[in-house]
Number of protein chains: 2
Amino acid sequence: MSSATEQKIIDAAVRLFASQGYDATSVQEIVTAAEVTKGALYHYFRAKDDLLFEIYRQLITAQSADMDRIIELGLSSADTVREILVSLVVSTAERVDETAVFVREMHRLDEARMTEFRAERRRYHETFLGVIEKGQADGEFSSAVPADTVVRIAVGVVNQLPVWYRPDGAKPPARLATEIADFVLAGLTGS
Amino acid sequence: MSSATEQKIIDAAVRLFASQGYDATSVQEIVTAAEVTKGALYHYFRAKDDLLFEIYRQLITAQSADMDRIIELGLSSADTVREILVSLVVSTAERVDETAVFVREMHRLDEARMTEFRAERRRYHETFLGVIEKGQADGEFSSAVPADTVVRIAVGVVNQLPVWYRPDGAKPPARLATEIADFVLAGLTGS
DNA sequence: GTGGGCATACCGACCGGTCGGTAGGGTGGG
DNA sequence: CCCACCCTACCGACCGGTCGGTATGCCCAC
């Protein structure tokens with residue numbers, strides 16, 4: 001449960017962190033943008049980096065839930081991979097700022113949170129990896145390229161999306177998602 | 001021409017920026033790590049962010065030169081793409097720290113340098129794009145997926161490489177490069 | 001002797017975080 | 001019904017400390 005004030009602060013923080021970076025954004029800037037005061041911020045958050053962690057948590061939770069939901073559908077390997085990629089690209093496009101912050105400032109987490117976060121990311125990777133390896137074992141995918149490299153490539157594109165994606169660009173997110181999925185599947189099934 | 005002191009400063013800066021981030025690294029830390037003093041740093045650089053720009057410049061210059069050299073060989077489209085990818089992956093693996101800094105702190109450049117940098121990156125992208133489009137026009141590659149998406153995917157993997165690549169990992173850079181190139185080429189030629 | 005290559009001491013701005021205080025809505029004893 | 005009490009949400013001036021940058025001068029190679 002998060003109050004309206006709390007969400008306003010997070011929204012402002014995401015926007016500012018994405019455009020200027022975490023360290024370059026002062027707490028004062030955040031509260032000014034959120035139209036609250038420092039007192040309010042430190043009432044809800046113990047420290048500035050709690051904001052970062054909260055942003056990550058929201059993002060990872062949503063992505064993991066998406067993937068789990070898709071896998072449970074029990075589609076073919078190819079369709080599962082396609083759905084995972086499409087949902088990942090579309091949801092990332094909807095949250096470019098969060099993703100940009102996440103990619104750039106991840107390393108600023110403290111030890112404990114970094115460990116927790118790495119575990120969650122590892123789980124995500126290995127689930128995705130499992131889907132591809134199953135497809136290769138079934139003969140549905142080519143085994144020419146190792147599954148872990150394919151996962152790296154897929155995750156790589158998505159994480160770089162904030163660098164070039166513009167909401168007002170020529171290609172809508174769904175189109176981009178389809179193109180990326182097509183390419184990855186062509187690489188998996190071809191040759 | 002850069003003096004030994006100048007290069008020591010840049011090397012130390014790259015290492016520290018990569019592990020802690022630009023803002024979280026103080027000028028004092030840099031000069032201590034480089035075993036020089038602030039006087040020396042401000043003798044060679046006008047400001048802290050000159051260091052950033054110098055790091056980018058060295059990276060982009062090297063990559064552009066690599067690509068130009070490969071294109072001049074006049075290989076087939078497939079071999080040209082393969083060589084570009086292999087050289088990109090290998091040289092990025094050799095410069096993980098520089099790439100990590102580049103990806104994470106790029107947005108901190110001031111207006112003028114950002115414009116200059118964007119022009120250089122654009123040139124790189126369009127050259128790569130041209131190679132792929134030529135292959136598609138010749139019928140050597142499939143046109144199923146637009147060339148610009150392929151470029152985005154390729155550059156995306158490389159830029160995310162610092163996140164997961166470890167020099168002491170199981171796969172040597174050349175192996176990784178081959179796998180990535182195989183996958184991209186499978187996507188380009190298949191289906 | 002003079003200028004490039006530094007060293008050292010220092011400045012002012014700014015930042016994250018604190019802390020004493022307040023406004024206002026709920027609530028329970030009389 | 002009401003008022004004393006309290007508690008949550010919030011305010012904003014302020015502090016210790018750090019940081020990028022500068023001013024000044026030494027020193028040695030030419």
Side-chain angles (χ1 to χ4, degrees), chain A residues 1-57 101-102 104-114, chain B residues 1-57 101-102 104-114:
Chain A
M1 193 64 209
S2 83
S3 74
T5 302
E6 201 174 342
Q7 198 58 48
K8 273 209 300 183
I9 292 171
I10 290 183
D11 289 348
V14 167
R15 239 177 306 128
L16 290 167
F17 289 167
S19 76
Q20 312 176 351
Y22 174 78
D23 284 303
T25 302
S26 70
V27 170
Q28 190 55 55
E29 280 181 279
I30 297 172
V31 298
T32 301
E35 293 175 302
V36 299
T37 61
K38 268 181 136 181
L41 191 149
Y42 281 96
H43 175 72
Y44 288 108
F45 303 94
R46 264 173 315 167
K48 189 185 175 188
D49 64 1
D50 282 19
L51 292 170
L52 263 193
F53 188 67
E54 189 55 27
I55 294 169
Y56 298 167
R57 211 186 48 76
V101 174
F102 168 77
R104 283 195 318 233
E105 317 279 0
M106 184 172 33
H107 65 291
R108 207 165 302 276
L109 289 174
D110 58 59
E111 194 85 25
R113 285 169 168 175
M114 185 61 104
Chain B
M1 198 61 222
S2 81
S3 75
T5 301
E6 202 174 342
Q7 197 59 46
K8 274 210 300 184
I9 293 171
I10 290 183
D11 290 347
V14 167
R15 239 177 306 129
L16 290 167
F17 290 167
S19 74
Q20 313 177 351
Y22 174 79
D23 283 304
T25 302
S26 70
V27 171
Q28 190 56 53
E29 280 181 278
I30 298 172
V31 299
T32 301
E35 296 177 298
V36 298
T37 62
K38 272 176 113 175
L41 191 151
Y42 281 96
H43 175 72
Y44 289 107
F45 303 95
R46 265 172 315 167
K48 189 186 175 188
D49 65 0
D50 282 19
L51 292 170
L52 264 192
F53 186 67
E54 188 55 27
I55 294 168
Y56 299 166
R57 212 186 47 76
V101 174
F102 169 77
R104 284 196 316 236
E105 317 280 1
M106 184 171 33
H107 64 291
R108 207 166 300 277
L109 288 175
D110 59 59
E111 193 86 25
R113 283 169 169 173
M114 186 61 105

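The chains referred to below are lettered A, B, ... by the order of the sequence lines, with proteins before strands, and numbering in each begins at 1.
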**Q** OP1 or OP2 of D:dC10 less than 4.0 angstrom from a side-chain nitrogen or oxygen of A:H43, does that happen here?
**A**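 So the side chain of A:H43 is outside the cut-off, no N or O lying under 4.0 Å from OP1 or OP2 of D:dC10.
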**Q** Does B:D50 form a salt bridge (Lys or Arg N to Asp or Glu O under 4.0 Å) with B:R113? I'd like the steps, not just the answer.
**A** CA-CA 10 Å; B:D50 282 19; B:R113 283 169 169 173; 3.1 Å; yes
**Q** Check for a donor-acceptor pair, side chain of B:R104 on one end and backbone N or O of B:Y22 on the other, with a separation under 3.5 Å.
**A** no
**Q** Between the opening five pairs and the closing five pairs of the helix from C:dG1-D:dC30 to C:dG30-D:dC1, how far apart are the helix axes, to 10°?
**A** 0°
**Q** What is the distance from CD of B:Q28 to P of D:dG21, rounded to the nearest Å?
**A**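 Nearest whole value for this atom pair: 14 Å.
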**Q** Report the distance from atom OH of B:Y42 to atom C1' of C:dC11, rounded to the nearest whole Å.
**A**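 From B:Y42 OH to C:dC11 C1': 13 Å.
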**Q** Roughly how many Å is it from CZ in A:F45 to P in C:dG16, rounded to a whole number?
**A** 15 Å
**Q** So, is B:Y44 near the phosphate of C:dC6, with a side-chain N or O under 4.0 Å from OP1 or OP2?
**A**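 Indeed, a polar side-chain atom of B:Y44 lies that close.
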**Q** Grab the NZ-P distance between A:K8 and D:dA9 for me, whole Å please.
**A** 15 Å
**Q** May I have the distance from A:L41 (atom CG) to C:dT18 (atom C1'), rounded to whole angstrom?
**A**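 A:L41 atom CG is separated from C:dT18 atom C1' by 13 Å.
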**Q** Of the non-hydrogen atoms in B:I10 and B:I55, which two are nearest, and what is the gap between them?
**A**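 Nearest pair, atom of B:I10 first, then B:I55: CG2-CG1, 4.2 Å.
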**Q** Taking B:L52's backbone N and O only, do any of them form a donor-acceptor pair with B:D49's side chain (distance below 3.5 Å, no angle check)?
**A** no
**Q** Out of D:dC11, C:dC6, D:dC10, which has the shortest distance to the side chain of B:T5?
**A** C:dC6
**Q** Within the 3.5 Å criterion, strictly below it, is a donor on A:Y44 or A:T5 matched to an acceptor on the partner's side chain?
**A**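 Note: A:Y44 and A:T5 side chains miss the donor-acceptor criterion.
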**Q** How close or far is atom P of C:dC15 from atom OH of A:Y22, stated in whole angstroms?
**A**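 Going from A:Y22 (OH) to C:dC15 (P), I get 13 Å.
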**Q** Rounded to whole angstroms, how far apart are NZ on B:K48 and C1' on D:dT22?
**A**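 Atom-to-atom, B:K48 to D:dT22, this comes out as 17 Å.
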**Q** So what does A:S26 hit on the nucleic acid, given a heavy-atom distance under 4.0 Å: a base, only sugar-phosphate, or nothing?
**A**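 Counting heavy atoms under 4.0 Å across all strands, the contact made by A:S26 is with sugar-phosphate only.
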**Q** OP1 or OP2 of D:dG12 sitting under 4.0 Å from any side-chain N/O of A:K38?
**A**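 For D:dG12, OP1/OP2 do not have a side-chain N/O of A:K38 under 4.0 Å.
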**Q** For A:K38, run the side-chain contact (heavy atoms from CB on, under 4.5 Å) check against A:T32, A:V27, A:I30 and tell me which one passes.
**A** A:V27
**Q** Can you check side-chain contact (heavy atoms from CB on, under 4.5 Å) on A:E29 and A:Q20, steps first, answer last?
**A** CA-CA 11 Å; A:E29 280 181 279; A:Q20 312 176 351; 3.3 Å; yes
**Q** Measure CG/B:D49 against P/D:dG21 and give the value in whole Å, please.
**A** 7 Å
